[in-house]
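Contents: one structure, followed by commentary.
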2 protein chains.
Amino acid sequence: MTEPEPLPPLSRGPLREQIRRVLLDGLVAGRWQPGERIVERRVAAELDVSQAPVREALRELEALRLVESAPNKGARVRDFDVRDLRESYQVRAVLEGLAADLAVPVFAGDVRVLEEHTRRLHQAAAAGDVTAQIRHAVAFHRAIVAASDNRLLLAVWESLGVEVWTTLSLRVYRAELHENAEDHEPIVAAFRRQDPRTGEIVRDHVLSYGLPPAPAPDQA
Amino acid sequence: MTEPEPLPPLSRGPLREQIRRVLLDGLVAGRWQPGERIVERRVAAELDVSQAPVREALRELEALRLVESAPNKGARVRDFDVRDLRESYQVRAVLEGLAADLAVPVFAGDVRVLEEHTRRLHQAAAAGDVTAQIRHAVAFHRAIVAASDNRLLLAVWESLGVEVWTTLSLRVYRAELHENAEDHEPIVAAFRRQDPRTGEIVRDHVLSYGLPPAPAPDQA
DNA sequence: ATTTGAGTAATGATCGATCATTGCGTAAGT
DNA sequence: ACTTACGCAATGATCGATCATTACTCAAAT
(Lines give C-alpha, C1' and ligand atoms only; values in the text may rest on other atoms or scores of the structure.)
Protein backbone atom coordinates (compact mmCIF):
# COMPACT_ATOMS: atom_id res chain seq x y z
CA MET A 1 0.00 0.00 0.00
CA THR A 2 2.39 2.71 -1.11
CA GLU A 3 -0.09 4.54 -3.27
CA PRO A 4 -0.37 8.00 -1.77
CA GLU A 5 -3.82 8.82 -3.09
CA PRO A 6 -5.77 6.00 -4.72
CA LEU A 7 -8.12 8.47 -6.36
CA PRO A 8 -10.03 11.50 -5.26
CA PRO A 9 -13.14 9.73 -3.99
CA LEU A 10 -15.85 11.21 -6.11
CA SER A 11 -18.53 10.67 -3.52
CA ARG A 12 -17.17 9.95 -0.11
CA GLY A 13 -19.01 9.11 2.99
CA PRO A 14 -22.69 9.02 3.77
CA LEU A 15 -24.92 11.25 1.73
CA ARG A 16 -26.01 13.16 4.80
CA GLU A 17 -22.44 14.25 5.45
CA GLN A 18 -21.99 15.57 1.95
CA ILE A 19 -25.25 17.44 2.30
CA ARG A 20 -24.19 18.81 5.65
CA ARG A 21 -21.04 20.20 4.08
CA VAL A 22 -23.01 21.79 1.27
CA LEU A 23 -25.31 23.44 3.77
CA LEU A 24 -22.39 24.53 5.92
CA ASP A 25 -20.61 26.04 2.95
CA GLY A 26 -23.80 27.74 1.91
CA LEU A 27 -24.28 29.25 5.34
CA VAL A 28 -20.71 30.45 5.60
CA ALA A 29 -20.86 31.84 2.08
CA GLY A 30 -24.04 33.67 2.97
CA ARG A 31 -26.17 31.84 0.46
CA TRP A 32 -28.87 31.71 3.09
CA GLN A 33 -29.35 34.86 5.11
CA PRO A 34 -30.15 34.91 8.81
CA GLY A 35 -33.87 34.45 9.38
CA GLU A 36 -34.33 32.77 6.03
CA ARG A 37 -36.01 29.40 5.88
CA ILE A 38 -34.20 26.32 4.64
CA VAL A 39 -36.85 24.16 3.00
CA GLU A 40 -36.09 20.48 3.11
CA ARG A 41 -37.68 19.64 -0.21
CA ARG A 42 -36.12 22.52 -2.05
CA VAL A 43 -32.62 21.56 -0.96
CA ALA A 44 -33.38 17.92 -1.74
CA ALA A 45 -34.50 18.75 -5.26
CA GLU A 46 -31.54 21.03 -5.82
CA LEU A 47 -29.07 18.32 -4.81
CA ASP A 48 -31.13 15.60 -6.50
CA VAL A 49 -31.52 13.58 -3.33
CA SER A 50 -34.48 12.71 -1.20
CA GLN A 51 -35.82 14.55 1.79
CA ALA A 52 -34.50 12.16 4.42
CA PRO A 53 -30.75 12.87 4.36
CA VAL A 54 -31.43 16.59 4.11
CA ARG A 55 -33.47 16.35 7.30
CA GLU A 56 -30.64 14.61 9.05
CA ALA A 57 -28.13 17.17 7.87
CA LEU A 58 -30.36 19.96 9.13
CA ARG A 59 -30.50 18.30 12.51
CA GLU A 60 -26.75 18.46 12.72
CA LEU A 61 -26.77 22.13 11.85
CA GLU A 62 -29.35 22.60 14.55
CA ALA A 63 -27.02 20.96 17.05
CA LEU A 64 -24.40 23.52 16.03
CA ARG A 65 -27.00 26.21 16.68
CA LEU A 66 -26.64 27.45 13.13
CA VAL A 67 -30.31 26.89 12.40
CA GLU A 68 -33.30 26.70 14.69
CA SER A 69 -36.50 24.80 14.20
CA ALA A 70 -39.80 24.06 15.87
CA PRO A 71 -42.08 21.07 15.26
CA ASN A 72 -43.97 21.38 11.99
CA LYS A 73 -42.29 24.69 11.36
CA GLY A 74 -39.09 23.69 9.66
CA ALA A 75 -35.62 25.12 9.94
CA ARG A 76 -34.50 28.68 9.52
CA VAL A 77 -31.11 30.30 9.74
CA ARG A 78 -30.46 31.67 13.18
CA ASP A 79 -30.19 35.39 13.60
CA PHE A 80 -26.82 35.67 15.30
CA ASP A 81 -26.00 38.59 17.48
CA VAL A 82 -23.17 39.77 19.68
CA ARG A 83 -24.73 38.00 22.63
CA ASP A 84 -24.11 34.68 20.91
CA LEU A 85 -20.45 35.49 20.59
CA ARG A 86 -20.13 36.58 24.20
CA GLU A 87 -21.86 33.43 25.40
CA SER A 88 -19.66 31.31 23.18
CA TYR A 89 -16.45 32.80 24.47
CA GLN A 90 -17.57 32.48 28.08
CA VAL A 91 -18.26 28.79 27.64
CA ARG A 92 -15.14 28.19 25.58
CA ALA A 93 -13.08 29.94 28.22
CA VAL A 94 -13.99 27.58 31.04
CA LEU A 95 -13.87 24.51 28.82
CA GLU A 96 -10.46 25.31 27.43
CA GLY A 97 -9.26 26.41 30.85
CA LEU A 98 -10.13 22.99 32.19
CA ALA A 99 -8.60 21.36 29.14
CA ALA A 100 -5.38 23.26 29.64
CA ASP A 101 -5.05 22.21 33.26
CA LEU A 102 -5.62 18.61 32.25
CA ALA A 103 -3.27 18.89 29.28
CA VAL A 104 -0.27 20.26 31.18
CA PRO A 105 0.86 16.89 32.53
CA VAL A 106 -0.02 15.24 29.21
CA PHE A 107 2.22 17.53 27.18
CA ALA A 108 4.83 17.22 29.93
CA GLY A 109 6.64 20.23 28.57
CA ASP A 110 6.80 18.90 25.03
CA VAL A 111 5.04 21.66 23.16
CA ARG A 112 6.22 20.90 19.63
CA VAL A 113 2.66 20.33 18.45
CA LEU A 114 1.57 23.71 19.71
CA GLU A 115 4.65 25.36 18.23
CA GLU A 116 3.84 23.87 14.87
CA HIS A 117 0.31 25.26 14.92
CA THR A 118 1.64 28.64 15.98
CA ARG A 119 4.16 28.58 13.16
CA ARG A 120 1.47 27.93 10.58
CA LEU A 121 -0.65 30.62 12.12
CA HIS A 122 2.24 33.02 11.64
CA GLN A 123 2.62 31.96 8.03
CA ALA A 124 -1.07 32.43 7.30
CA ALA A 125 -0.99 35.85 8.91
CA ALA A 126 2.04 36.83 6.84
CA ALA A 127 0.29 35.65 3.70
CA GLY A 128 -2.83 37.57 4.64
CA ASP A 129 -4.89 34.41 4.39
CA VAL A 130 -7.69 35.02 6.87
CA THR A 131 -9.33 31.63 6.34
CA ALA A 132 -6.08 29.83 7.03
CA GLN A 133 -5.52 32.01 10.09
CA ILE A 134 -8.83 30.89 11.51
CA ARG A 135 -8.17 27.30 10.62
CA HIS A 136 -4.81 27.15 12.32
CA ALA A 137 -5.86 29.16 15.34
CA VAL A 138 -8.77 26.80 15.86
CA ALA A 139 -6.42 23.84 15.39
CA PHE A 140 -4.21 25.29 18.11
CA HIS A 141 -7.06 25.50 20.57
CA ARG A 142 -8.39 22.13 19.55
CA ALA A 143 -5.01 20.55 20.17
CA ILE A 144 -5.18 21.66 23.77
CA VAL A 145 -8.66 20.25 24.24
CA ALA A 146 -7.73 17.01 22.53
CA ALA A 147 -4.68 16.67 24.78
CA SER A 148 -6.87 16.90 27.86
CA ASP A 149 -7.64 13.22 27.42
CA ASN A 150 -11.24 13.92 28.38
CA ARG A 151 -13.43 12.61 25.58
CA LEU A 152 -16.53 14.34 26.80
CA LEU A 153 -14.72 17.63 27.02
CA LEU A 154 -13.55 17.26 23.44
CA ALA A 155 -17.03 16.28 22.26
CA VAL A 156 -18.63 19.23 23.98
CA TRP A 157 -16.00 21.61 22.62
CA GLU A 158 -16.47 20.29 19.10
CA SER A 159 -20.20 20.77 19.41
CA LEU A 160 -19.54 24.49 19.72
CA GLY A 161 -18.53 24.62 16.06
CA VAL A 162 -15.79 27.11 16.81
CA GLU A 163 -14.43 27.34 13.28
CA VAL A 164 -17.77 27.95 11.61
CA TRP A 165 -18.84 30.46 14.22
CA THR A 166 -15.59 32.35 14.03
CA THR A 167 -15.86 32.54 10.26
CA LEU A 168 -19.48 33.59 10.46
CA SER A 169 -18.78 36.27 13.04
CA LEU A 170 -16.35 37.82 10.59
CA ARG A 171 -18.88 37.64 7.77
CA VAL A 172 -22.14 38.63 9.41
CA TYR A 173 -21.03 41.69 11.31
CA ARG A 174 -17.47 42.39 10.37
CA ALA A 175 -16.01 41.39 13.73
CA GLU A 176 -12.31 41.72 14.21
CA LEU A 177 -10.00 38.79 13.83
CA HIS A 178 -8.56 38.33 17.27
CA GLU A 179 -6.52 35.30 16.45
CA ASN A 180 -3.08 36.74 15.98
CA ALA A 181 -0.11 34.52 16.45
CA GLU A 182 1.65 36.59 19.11
CA ASP A 183 -1.17 36.09 21.59
CA HIS A 184 -0.52 32.38 21.54
CA GLU A 185 3.10 32.57 22.54
CA PRO A 186 2.44 33.04 26.27
CA ILE A 187 0.23 29.97 26.18
CA VAL A 188 2.89 27.86 24.54
CA ALA A 189 5.38 29.13 27.09
CA ALA A 190 3.07 28.24 29.97
CA PHE A 191 2.72 24.68 28.71
CA ARG A 192 6.47 24.48 28.15
CA ARG A 193 7.31 25.34 31.74
CA GLN A 194 4.27 23.38 32.98
CA ASP A 195 2.95 26.41 34.77
CA PRO A 196 0.25 25.47 37.27
CA ARG A 197 -1.59 28.59 36.15
CA THR A 198 -1.80 27.47 32.52
CA GLY A 199 -5.54 26.90 32.76
CA GLU A 200 -6.05 30.38 34.08
CA ILE A 201 -3.92 31.85 31.31
CA VAL A 202 -5.82 30.02 28.59
CA ARG A 203 -9.15 30.94 30.14
CA ASP A 204 -8.30 34.63 30.17
CA HIS A 205 -6.93 34.39 26.66
CA VAL A 206 -10.17 32.99 25.28
CA LEU A 207 -12.27 35.33 27.36
CA SER A 208 -10.42 38.29 25.93
CA TYR A 209 -11.75 37.36 22.50
CA GLY A 210 -15.27 38.16 23.60
CA LEU A 211 -14.32 41.57 24.89
CA PRO A 212 -14.84 44.91 23.10
CA PRO A 213 -12.27 45.83 20.41
CA ALA A 214 -9.56 46.42 23.02
CA PRO A 215 -9.44 49.82 24.70
CA ALA A 216 -6.68 52.22 23.79
CA PRO A 217 -3.68 51.16 25.89
CA ASP A 218 -2.04 54.60 25.80
CA GLN A 219 -3.56 55.81 29.02
CA ALA A 220 -1.97 54.97 32.34
CA MET B 1 -60.36 28.62 29.33
CA THR B 2 -60.87 27.55 32.92
CA GLU B 3 -60.69 23.85 32.29
CA PRO B 4 -57.68 22.63 34.24
CA GLU B 5 -56.95 19.58 32.13
CA PRO B 6 -58.87 19.23 28.85
CA LEU B 7 -57.91 15.58 28.64
CA PRO B 8 -54.81 13.54 29.09
CA PRO B 9 -53.44 13.90 25.57
CA LEU B 10 -53.33 10.35 24.36
CA SER B 11 -50.57 10.98 21.88
CA ARG B 12 -48.78 14.24 22.42
CA GLY B 13 -46.04 15.75 20.44
CA PRO B 14 -44.08 14.44 17.50
CA LEU B 15 -43.70 10.70 17.23
CA ARG B 16 -39.97 10.92 17.47
CA GLU B 17 -40.27 12.42 20.93
CA GLN B 18 -42.54 9.69 22.18
CA ILE B 19 -40.13 7.15 20.74
CA ARG B 20 -37.20 8.89 22.35
CA ARG B 21 -38.90 8.64 25.72
CA VAL B 22 -39.60 4.96 25.21
CA LEU B 23 -35.97 4.35 24.36
CA LEU B 24 -34.80 6.44 27.28
CA ASP B 25 -37.03 4.57 29.67
CA GLY B 26 -35.84 1.30 28.22
CA LEU B 27 -32.22 2.24 28.70
CA VAL B 28 -32.72 3.45 32.24
CA ALA B 29 -34.75 0.36 33.05
CA GLY B 30 -31.99 -1.80 31.65
CA ARG B 31 -34.10 -3.27 28.91
CA TRP B 32 -31.10 -2.91 26.66
CA GLN B 33 -27.78 -3.86 28.15
CA PRO B 34 -24.53 -2.00 27.48
CA GLY B 35 -22.96 -3.20 24.26
CA GLU B 36 -26.27 -4.47 22.92
CA ARG B 37 -27.44 -3.31 19.53
CA ILE B 38 -30.60 -1.30 19.09
CA VAL B 39 -31.99 -2.28 15.71
CA GLU B 40 -34.02 0.42 14.04
CA ARG B 41 -36.48 -1.90 12.34
CA ARG B 42 -37.05 -4.03 15.39
CA VAL B 43 -37.95 -1.02 17.53
CA ALA B 44 -40.08 0.35 14.72
CA ALA B 45 -42.04 -2.88 14.41
CA GLU B 46 -42.44 -3.16 18.16
CA LEU B 47 -43.89 0.34 18.43
CA ASP B 48 -45.80 -0.04 15.17
CA VAL B 49 -44.18 2.95 13.54
CA SER B 50 -41.83 3.33 10.63
CA GLN B 51 -38.08 3.37 10.65
CA ALA B 52 -37.68 7.12 10.17
CA PRO B 53 -38.75 8.49 13.55
CA VAL B 54 -36.85 5.72 15.31
CA ARG B 55 -33.72 6.82 13.50
CA GLU B 56 -34.24 10.38 14.63
CA ALA B 57 -34.82 9.32 18.20
CA LEU B 58 -31.63 7.27 18.12
CA ARG B 59 -29.72 10.30 16.91
CA GLU B 60 -30.85 12.19 19.96
CA LEU B 61 -29.72 9.39 22.22
CA GLU B 62 -26.40 9.50 20.42
CA ALA B 63 -26.11 13.19 21.19
CA LEU B 64 -26.59 12.28 24.84
CA ARG B 65 -23.80 9.74 24.43
CA LEU B 66 -26.10 6.98 25.56
CA VAL B 67 -25.62 5.06 22.34
CA GLU B 68 -22.82 5.10 19.82
CA SER B 69 -22.98 4.38 16.15
CA ALA B 70 -20.84 4.22 13.03
CA PRO B 71 -21.97 4.54 9.43
CA ASN B 72 -23.71 1.40 8.20
CA LYS B 73 -23.17 -0.18 11.57
CA GLY B 74 -26.18 1.02 13.50
CA ALA B 75 -26.51 2.00 17.12
CA ARG B 76 -25.48 0.12 20.21
CA VAL B 77 -25.75 0.94 23.86
CA ARG B 78 -22.58 2.52 25.15
CA ASP B 79 -20.51 0.62 27.62
CA PHE B 80 -20.26 3.15 30.40
CA ASP B 81 -17.38 3.10 32.81
CA VAL B 82 -16.09 5.15 35.70
CA ARG B 83 -14.07 7.26 33.31
CA ASP B 84 -17.30 8.55 31.80
CA LEU B 85 -18.49 9.67 35.19
CA ARG B 86 -15.21 11.36 36.04
CA GLU B 87 -15.21 13.20 32.70
CA SER B 88 -18.80 14.22 33.17
CA TYR B 89 -18.22 15.69 36.61
CA GLN B 90 -15.13 17.55 35.46
CA VAL B 91 -17.05 19.20 32.66
CA ARG B 92 -20.10 19.84 34.79
CA ALA B 93 -17.90 21.42 37.45
CA VAL B 94 -16.51 24.15 35.22
CA LEU B 95 -19.82 24.74 33.47
CA GLU B 96 -21.78 25.08 36.68
CA GLY B 97 -18.99 27.08 38.24
CA LEU B 98 -19.29 29.60 35.43
CA ALA B 99 -23.06 29.48 35.70
CA ALA B 100 -22.91 30.20 39.40
CA ASP B 101 -20.69 33.23 38.94
CA LEU B 102 -23.06 34.55 36.31
CA ALA B 103 -26.12 33.72 38.38
CA VAL B 104 -25.03 35.52 41.56
CA PRO B 105 -26.06 38.98 40.35
CA VAL B 106 -29.16 37.53 38.71
CA PHE B 107 -30.46 35.97 41.92
CA ALA B 108 -29.39 39.14 43.72
CA GLY B 109 -29.64 37.36 47.02
CA ASP B 110 -33.15 36.07 46.40
CA VAL B 111 -32.63 32.34 46.72
CA ARG B 112 -36.23 31.26 47.27
CA VAL B 113 -36.14 29.13 44.13
CA LEU B 114 -33.07 27.26 45.32
CA GLU B 115 -34.54 26.86 48.79
CA GLU B 116 -37.64 25.31 47.29
CA HIS B 117 -35.62 22.76 45.37
CA THR B 118 -33.61 21.99 48.48
CA ARG B 119 -36.78 21.53 50.49
CA ARG B 120 -38.16 19.03 48.00
CA LEU B 121 -34.83 17.26 47.94
CA HIS B 122 -35.08 16.90 51.72
CA GLN B 123 -38.60 15.54 51.42
CA ALA B 124 -37.58 12.98 48.83
CA ALA B 125 -34.66 11.89 50.96
CA ALA B 126 -36.92 11.53 53.99
CA ALA B 127 -39.33 9.46 51.93
CA GLY B 128 -36.51 7.30 50.66
CA ASP B 129 -37.51 8.07 47.09
CA VAL B 130 -34.23 7.85 45.20
CA THR B 131 -35.71 8.78 41.85
CA ALA B 132 -37.25 11.92 43.30
CA GLN B 133 -33.97 12.74 45.01
CA ILE B 134 -32.18 12.67 41.70
CA ARG B 135 -34.90 14.67 40.01
CA HIS B 136 -34.86 17.46 42.56
CA ALA B 137 -31.11 17.56 42.91
CA VAL B 138 -30.80 17.91 39.14
CA ALA B 139 -33.48 20.58 39.18
CA PHE B 140 -31.43 22.45 41.77
CA HIS B 141 -28.34 22.42 39.61
CA ARG B 142 -30.33 23.23 36.50
CA ALA B 143 -31.85 26.24 38.19
CA ILE B 144 -28.40 27.69 38.68
CA VAL B 145 -27.45 27.13 35.06
CA ALA B 146 -30.75 28.54 33.84
CA ALA B 147 -30.26 31.61 35.99
CA SER B 148 -26.91 32.28 34.35
CA ASP B 149 -28.79 33.89 31.49
CA ASN B 150 -26.37 32.29 29.06
CA ARG B 151 -28.44 30.31 26.57
CA LEU B 152 -25.47 28.45 25.16
CA LEU B 153 -24.34 27.45 28.62
CA LEU B 154 -27.77 26.06 29.37
CA ALA B 155 -27.93 24.22 26.06
CA VAL B 156 -24.51 22.65 26.58
CA TRP B 157 -25.39 21.66 30.13
CA GLU B 158 -28.65 20.08 29.02
CA SER B 159 -26.79 18.14 26.38
CA LEU B 160 -24.96 16.35 29.17
CA GLY B 161 -28.15 14.52 30.12
CA VAL B 162 -27.33 14.81 33.79
CA GLU B 163 -30.48 13.18 35.08
CA VAL B 164 -30.29 10.13 32.86
CA TRP B 165 -26.60 9.66 33.49
CA THR B 166 -27.00 9.98 37.23
CA THR B 167 -29.78 7.42 37.21
CA LEU B 168 -27.77 5.11 35.01
CA SER B 169 -24.67 5.39 37.13
CA LEU B 170 -26.71 4.10 40.05
CA ARG B 171 -28.08 1.25 37.98
CA VAL B 172 -25.11 0.04 36.00
CA TYR B 173 -22.52 -0.13 38.73
CA ARG B 174 -24.24 0.65 41.97
CA ALA B 175 -22.61 4.04 42.45
CA GLU B 176 -23.41 5.96 45.55
CA LEU B 177 -26.03 8.65 45.58
CA HIS B 178 -24.05 11.77 46.36
CA GLU B 179 -26.95 14.14 46.12
CA ASN B 180 -27.88 14.65 49.72
CA ALA B 181 -29.68 17.77 50.71
CA GLU B 182 -27.21 19.00 53.30
CA ASP B 183 -24.47 19.43 50.70
CA HIS B 184 -26.58 22.00 48.95
CA GLU B 185 -27.03 24.30 51.92
CA PRO B 186 -23.61 25.97 51.62
CA ILE B 187 -24.38 26.72 47.99
CA VAL B 188 -27.68 28.33 48.82
CA ALA B 189 -25.97 30.34 51.52
CA ALA B 190 -23.29 31.51 49.11
CA PHE B 191 -25.90 32.75 46.66
CA ARG B 192 -27.83 34.38 49.49
CA ARG B 193 -24.86 36.48 50.62
CA GLN B 194 -23.74 36.94 46.99
CA ASP B 195 -20.36 35.51 47.81
CA PRO B 196 -17.85 36.30 45.04
CA ARG B 197 -16.52 32.77 45.53
CA THR B 198 -19.86 31.14 44.74
CA GLY B 199 -18.58 29.81 41.44
CA GLU B 200 -15.65 28.21 43.14
CA ILE B 201 -17.89 26.67 45.79
CA VAL B 202 -20.24 25.19 43.19
CA ARG B 203 -17.34 23.93 41.12
CA ASP B 204 -15.80 22.10 44.04
CA HIS B 205 -19.19 20.75 45.05
CA VAL B 206 -19.79 19.18 41.66
CA LEU B 207 -16.23 17.98 41.39
CA SER B 208 -16.56 16.18 44.70
CA TYR B 209 -19.24 13.98 43.14
CA GLY B 210 -16.69 12.43 40.86
CA LEU B 211 -14.35 11.56 43.68
CA PRO B 212 -13.95 8.18 45.35
CA PRO B 213 -16.49 7.28 48.07
CA ALA B 214 -15.08 9.89 50.43
CA PRO B 215 -12.04 9.00 52.53
CA ALA B 216 -12.46 8.46 56.24
CA PRO B 217 -12.43 11.93 57.79
CA ASP B 218 -11.25 10.71 61.20
CA GLN B 219 -7.60 11.43 60.62
CA ALA B 220 -6.22 14.89 61.24
C1' DA C 1 -63.29 48.25 7.99
C1' DT C 2 -62.69 44.25 10.86
C1' DT C 3 -63.48 39.64 12.03
C1' DT C 4 -64.41 34.90 11.19
C1' DG C 5 -64.10 30.67 8.91
C1' DA C 6 -63.87 27.62 4.82
C1' DG C 7 -60.74 26.34 1.38
C1' DT C 8 -56.11 25.59 -0.38
C1' DA C 9 -51.21 25.48 -1.27
C1' DA C 10 -46.76 24.65 0.98
C1' DT C 11 -44.20 21.83 3.64
C1' DG C 12 -42.80 19.13 7.68
C1' DA C 13 -43.64 14.30 9.53
C1' DT C 14 -44.23 9.75 8.63
C1' DC C 15 -44.69 5.73 5.91
C1' DG C 16 -43.63 1.54 3.04
C1' DA C 17 -40.38 -0.07 -0.28
C1' DT C 18 -35.86 -0.39 -2.33
C1' DC C 19 -30.80 0.11 -2.56
C1' DA C 20 -26.28 -0.82 -0.58
C1' DT C 21 -23.21 -2.31 2.96
C1' DT C 22 -21.87 -5.38 6.50
C1' DG C 23 -21.28 -9.80 8.79
C1' DC C 24 -21.21 -14.37 8.56
C1' DG C 25 -21.64 -19.07 7.08
C1' DT C 26 -19.96 -22.33 3.70
C1' DA C 27 -17.21 -24.57 0.60
C1' DA C 28 -13.45 -24.73 -2.75
C1' DG C 29 -8.49 -24.30 -2.93
C1' DT C 30 -3.96 -24.75 -0.86
C1' DA D 1 -6.59 -27.43 9.23
C1' DC D 2 -6.13 -22.73 7.38
C1' DT D 3 -7.14 -19.27 3.99
C1' DT D 4 -9.90 -17.18 0.57
C1' DA D 5 -13.94 -16.33 -2.21
C1' DC D 6 -18.71 -16.63 -2.88
C1' DG D 7 -23.50 -16.17 -1.47
C1' DC D 8 -27.09 -14.88 1.52
C1' DA D 9 -29.49 -12.81 5.36
C1' DA D 10 -29.75 -8.74 8.30
C1' DT D 11 -29.94 -4.10 8.49
C1' DG D 12 -28.63 0.76 7.85
C1' DA D 13 -29.25 4.38 4.16
C1' DT D 14 -31.98 6.34 0.91
C1' DC D 15 -35.95 6.90 -1.89
C1' DG D 16 -40.67 8.24 -3.55
C1' DA D 17 -45.26 8.80 -1.89
C1' DT D 18 -48.72 9.97 1.52
C1' DC D 19 -50.49 12.03 5.80
C1' DA D 20 -50.99 16.06 8.81
C1' DT D 21 -50.11 20.66 10.19
C1' DT D 22 -49.37 25.29 9.17
C1' DA D 23 -49.76 29.67 6.79
C1' DC D 24 -52.35 32.08 3.81
C1' DT D 25 -56.26 33.76 0.75
C1' DC D 26 -60.51 35.51 0.34
C1' DA D 27 -65.20 36.12 0.81
C1' DA D 28 -69.26 36.38 3.81
C1' DA D 29 -70.97 38.25 8.12
C1' DT D 30 -71.01 41.79 11.50
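- Considering all non-hydrogen atoms of both residues, A:Trp165 and A:Leu160 come closest at CD1-O, 3.4 Å.
- Checked for salt-bridge contact, A:Glu96 and A:Arg203 miss the test: no charged N lies under 4.0 Å from a carboxylate O.
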*Can you check each nucleotide of nucleotides 11-19 of chain D against protein heavy atoms at under 4.0 Å and return B for base, S for sugar-phosphate only, - for none, in 5' to 3' order?*
BBBBB-BB-

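- Listed for the A:Glu115 side chain is no donor-acceptor partner under 3.5 Å among the backbone atoms of A:Val188.
- The existence of a salt bridge linking B:Asp81 and B:Arg86 is excluded, since no basic side-chain nitrogen approaches an acidic carboxylate oxygen closer than 4.0 Å.
- Aromatic rings from A:His117 and A:His141 are positioned such that their centres are separated by 6.0 Å or more.
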